[in-house]
Amino acid sequence: MCLGVPAKVIEIEGQRALVDVMGSRMYVGTFFVPEVKIDDYVLLHAGQAMTVVNEEYAKESIEEWRNVLDGKHGPFFRTDLNS
Amino acid sequence: MANMDLFSEPTLTRDSVEAVIDLAKRFKEEKGRIPVFMEVCGSHTMALAKTGIKTRLKDYVQLIAGPGCPVCVTDQKSIDAMIQLSEEPNTILCTFGDMMRVPGSKSTLMKAKTGGKDIRVVYSPLDSVKIAEKNPDKEVIFLGIGFETTIPILALAVREASSKELKNYSIWMTTKLVEPVLRALLSSGEVKLDGFLLPGHVSVVLGKQNYRYLAEEFNISGAITGFEPVQLLSGIYKLIHLQLEKKVEIINDYTYVVSDKGNVVAQSLIEEYLEADDEAWRGIGTIPKSGLVLKEEYSQHDAKKKFNISIGEPRVTKCRCGEIVRGLITPEECVLFNKGCTPAHPIGPCMVSTEGTCSAHYQFMRGE
Ligand code: SF4
């Protein structure tokens with residue numbers, strides 16, 4: 001019942017928005033994300049946008065994880081375990 | 001969106017698997033056993049099976065499916081009641097698709113529909129409100145199954161029906177809450193865990209703050225993770241790492257959709273319309289205050305108050321879903337798995353649901 005694919009907001013009309021999910025368009029409710037703006041990505045569940053994706057955090061999260069894998073800095077670096 | 005695609009990028013996934021295996025080997029060297037984590041959410045169970053992560057890691061990390069598939073934890077009596085509800089005259093029963101083939105003691109909703117009952121699969125509870133609006137001479141009932149991700153949407157449907165003064169709309173609430181069931185599982189001591197992969201979408205509503213009790217009261221770590229391979233692996237890695245560092249923490253590894261506070265709009269809507277009540281869980285029994293029901297002032301939209309459904313004790317089968325949802329056995333340990341019970345002929349809800357452990361196992365991990 002959970003849909004993890006982010007949908008891009010194309011238009012906002014009151015408490016609903018037209019979104020694009022991998023090429024298909026549909027209307028979803030935006031009651032739970034009053035802060036939503038055009039071009040935001042939202043996560044959907046049962047016809048409602050439940051959260052706005054923070055793209056900056058997504059990027060940071062990937063970078064942090066790459067650093068972990070490279071044994072570089074970050075709270076979870078591998079080399080600290082060998083010291 | 002480019003950044004999100006990186007979470008399933010093959011090279012990064014491969015490197016992530018290797019990193020997890022390296023760290024898990026280290027865990028085994030230190031502790032003489034492999035780490036054991038429970039993924040709480042049914043969508044995680046499906047994602048871990050589908051991406052091959054569960055199979056790839058099986059000699060290094062044990063991943064146990066938990067009680068997070070809403071259909072699977074619905075107790076048999078409740079399922080029988082919902083099927084019986086479809087027999088009520090002059091009604092339109094609306095449901096999420098997952099419920100259609102769940103076996104009751106005597107029938108399924110699918111069979112009831114084939115037999116001429118008006119049962120409709122809807123994508124959203126709000127669609128069922130529209131159906132009520134278009135059919136004022138019929139009673140429209142929505143089967144309100146779900147955890148904290150779905151619950152605010154049920155409250156929204158009631159709000160909508162209330163504001164439109166739809167007297168013919170009601171919800172049959174059988175909602176479940178994550179905290180009481182995790183407390184029950186941990187208190188029972190039946191499963192020994194080194195940490196939880198915490199449900200990404202439930203956490204969107206609850207926020208990271210909601211899980212403090214795990215660390216503070218049960219001394220167990222948790223990582224809130226997403227559903228892509230790299231996200232799952234990163235969560236597992238961090239849980240092993242905490243163990244090696246002898247730390248207990250709740251980590252939010254899904255920061256770009258989950259905040260500390262969660263979705264406050266959803267939380268206040270829940271508070272306005274719903275209140276905690278005891279709920280019966282398959283295989284676990286009744287857990288106090290583990291579900292949400294409509295407050296008294298909205299009882300005109302409460303199907304349990306509107307319709308007098310009484311059912312006998314459910315038929316006993318050999319299905320072991322009750323133990324599956326508690327993480328006590330794997331599907332292969334059920335004698336019916338892939339014999340009497342397959343997705344085409346399911347005996348229990350764990351084989352029907354798109355988030356069910358038996359279904360995930362049948363599709364992606366059979367004989368592994
Ligand atoms: S394999 Fe079928 S019968 Fe056995 S526990 Fe799973 S759903 Fe129930």
Side-chain angles (χ1 to χ4, degrees), chain A residues 1-9 15-16 19-22 26-36 39-72 74-83, chain B residues 1 3-4 6-7 12 15-16 18-19 22-23 26 41-43 47 70-71 96-98 122-127 145-147 149-150 152-153 156 159 199-202 204-205 226-228 230-231 233-234 237-238 241-242 244-245 253-259 263 265-266 269 353-355:
Chain A
M1 280 193 253
C2 295
L3 179 58
V5 185
K8 188 172 185 177
V9 176
Q15 277 183 1
R16 67 173 196 163
V19 299
D20 181 303
V21 193
M22 295 191 302
M26 60 175 137
Y27 281 98
V28 298
T30 57
F31 180 89
F32 299 109
V33 287
E35 72 278 23
V36 74
D39 288 343
D40 277 350
Y41 282 87
V42 288
L43 276 198
L44 305 178
H45 179 61
Q48 295 294 316
M50 296 308 288
T51 185
V52 177
V53 176
N54 183 320
E55 289 189 72
E56 206 40 52
Y57 284 1
K59 202 164 140 213
E60 275 174 23
S61 165
I62 280 283
E63 274 164 16
E64 183 220 46
W65 181 238
R66 281 225 163 98
N67 286 335
V68 171
L69 297 180
D70 293 348
K72 286 188 199 148
F76 292 99
F77 61 113
R78 273 195 286 172
T79 47
D80 64 343
L81 291 167
N82 299 321
S83 60
Chain B
M1 60 191 292
N3 287 329
M4 295 293 282
L6 292 173
F7 291 114
L12 192 59
D15 291 351
S16 305
E18 273 167 29
D22 278 355
L23 208 62
R26 191 174 171 114
C41 165
S43 300
V71 174
F96 290 125
D98 262 18
V122 293
Y123 171 54
S124 161
L126 274 299
D127 295 340
I145 284 189
F147 279 92
T149 331
T150 312
I153 307 175
L156 189 62
R159 180 181 183 268
H201 293 145
V202 160
V204 162
V205 173
F227 300 83
E228 297 299 329
V230 173
Q231 295 168 330
L233 289 159
S234 158
Y237 181 95
K238 289 173 184 178
H241 198 282
L242 285 176
L244 291 173
E245 291 220 309
D253 207 26
Y254 203 23
T255 46
Y256 49 95
V257 298
V258 173
S259 64
N263 189 319
V265 180
L269 194 73
S353 171
T354 48
E355 299 174 26

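Throughout, a chain's letter reflects where its sequence line sits, starting with A, and its residues are numbered from 1.
For the pair A:Met50 and B:Thr149, the tightest heavy-atom approach, listed with the atom from each and the gap, is CE-O, 3.8 Å. Closest of all the heavy-atom pairs between B:Phe7 and A:Ala58 is CZ-O, 3.8 Å.
Interatomic distance, OH of B:Tyr254 versus OG1 of A:Thr51, reported as 9.0 Å (0.5 Å rounding). In this structure, CG on B:Leu156 lies 5.0 Å from CD on A:Gln48, to the nearest 0.5 angstrom. The CZ atom of A:Arg66 lies 5.0 Å from the CG atom of B:Leu12; values are rounded to the nearest 0.5 Å.
Residues A:Phe32 and B:Ile153 meet the side-chain proximity criterion, which asks for heavy atoms closer than 4.5 Å.
Of the atoms belonging to A:Val42, not a single heavy atom falls under 4.5 Å from chain B. For a residue to count as touching a neighbouring chain, one of its non-hydrogen atoms must lie under 4.5 Å from one of that chain's; by this rule B:Ser16 touches chain A with backbone and side chain alike. Of the atoms belonging to B:Val204, it is side-chain heavy atoms, and not backbone ones, that fall under 4.5 Å from chain A. With a 4.5 angstrom heavy-atom cutoff, B:Asp15 touches chain A via backbone and side-chain atoms both.
Ranking B:Leu233, B:Leu269, B:Leu126, B:Val258 against chain A, the residue ahead of the rest is B:Leu269, based on heavy-atom pairs under 4.5 Å.
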